[in-house]
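In listed order, ligands and their atoms are each counted from 1.
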Amino acid sequence: MKPLLQNLAEMTAHRDHLRLEVSVLSTLLQQGRMLEVRALELFTQSGEAWLRPRSWSQDGGELLSSPHEPSADPQAVPLASVPELAQCIAGKGRDAVRDEPGRHTLWLPVWQGDHAHACLEITQAQPFKRRQRDLITGVCMVYQNYQNLLDYSERDALTGLLNRKTFDEQFSRYRNTAGQAPGLDEPCQWLAVMDIDHFKQVNDRFGHLYGDEVLILVANRLRGMFRTEDRVFRFGGEEFVVLLRSTTLAQARVALERLRTAIALHEFPQVGHITVSVGFAATHGGTPVEVLGNADQALYYAKGHGRNQVRFHGDLVDSGALARKVEHDEVELF
Ligand SMILES: Nc1nc2c(ncn2[C@@H]2O[C@H](COP(=O)(O)OP(=O)(O)OP(=O)(O)O)[C@@H](O)[C@H]2O)c(=O)[nH]1
């Protein structure tokens, strides 16, 4: 068995959330004779709190991670089905225990501010002793602090959305699961770039503070309108990027059009109404820079043709609109 400090040092060497999670499970496994350790992801679906095992130990040794998205995970269960944990989270507690003959389970929610996004679960045959519980709590606190630090470095300070730096890694992860170019109606990945129209006028007329408020409200809207498996980034300024996952082209059009309409109808305090332009492209068959370039071309086409609209790069290429414009240099795309 490795000394705990060495385990902690190895754990905090990771710069990836999932690897860090697996590493904490490995650290916990080495602290006693546990039957099982699991990292549970807590998520919301249709307004209800759910949990699912994201990583777990098998036969007391090998560590596995779920290949599924939370909402499609067959192992997901409502949080209410684990009343001890549900109660602990509702009361912002540190841990919860269930003692059954020959099976004792300890849950430790992982907090980010006042939000629990995950939970460590340890099961063993003997009751947890005070000293062992303190040690496990300590490991969990180190894990929680380090997860929060990692998360902070990946987020944009103004809106809390994922930042530009995180994009390439997330994009590659999506691409790895994307596989071959899909058929027309098959779900696949799409990348959308959204830009607020005439945002400079908002700043000029109402000041930067109101401009910032608009950016925060738009970010909140974006966060609320996409599924947990999608990813929303702020690339800086008034430009946002969305990675839509496992969605058909028709569904991507509907989701982005719904977003455009929702923002156009929203009454922003003091500022009133604003609009956004969106360009999107398929993510297969290109590097992150190429795919971003395609979505950007579609966005600038939307900007050059009246704004407040969603344009798909594939449509523009099929109709010859984009190629024709580039060839004859009629529109400056970049
Ligand atoms: N308030 C605020 N403004 C920002 C921030 N980052 C960039 N901006 C402003 O965003 C504005 C972007 O203006 P432009 O690039 O000219 O584009 P636009 O006025 O939105 O026009 P179109 O994109 O062509 O519709 C500039 O005035 C920037 O100063 C920010 O964090 N906060």
**Student:** Please tell me whether Y143 and Q147 have a donor and an acceptor in their side chains that are separated by less than 3.5 angstrom.
**Tutor:** yes
**Student:** Give the protein residues with at least one non-hydrogen atom closer than 4.0 Å to an atom of ligand 1, ordered by chain and number.
**Tutor:** D195, I196, D197, H198, F199, K200, N203, H208, G211, D212, L215, R234, G237, E238, K303, R307
**Student:** Roughly how far, to the nearest 0.5 Å, is CD of E41 from CG of L51?
**Tutor:** 10.0 Å
**Student:** Show your working on side chain to side chain contact (heavy atoms under 4.5 Å, CB included) between E213 and Q270 and close with a plain yes or no.
**Tutor:** CA-CA 10 Å; E213 186 65 18; Q270 197 77 22; over 6 Å; no
**Student:** Would one find more than 12 heavy atoms of other residues, nucleotides or ligands at under 6.0 Å from atom CZ of R307?
**Tutor:**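 Above 12, so yes.
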**Student:** Would you call D315-R311 a salt bridge at under 4.0 Å N-O?
**Tutor:**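 Salt bridge between D315 and R311, a charged N being under 4.0 Å from a carboxylate O: no.
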**Student:** As a test of understanding, state which of S55, S26, S65 forms a side chain to side chain donor-acceptor pair (under 3.5 Å) with E21.
**Tutor:** S55
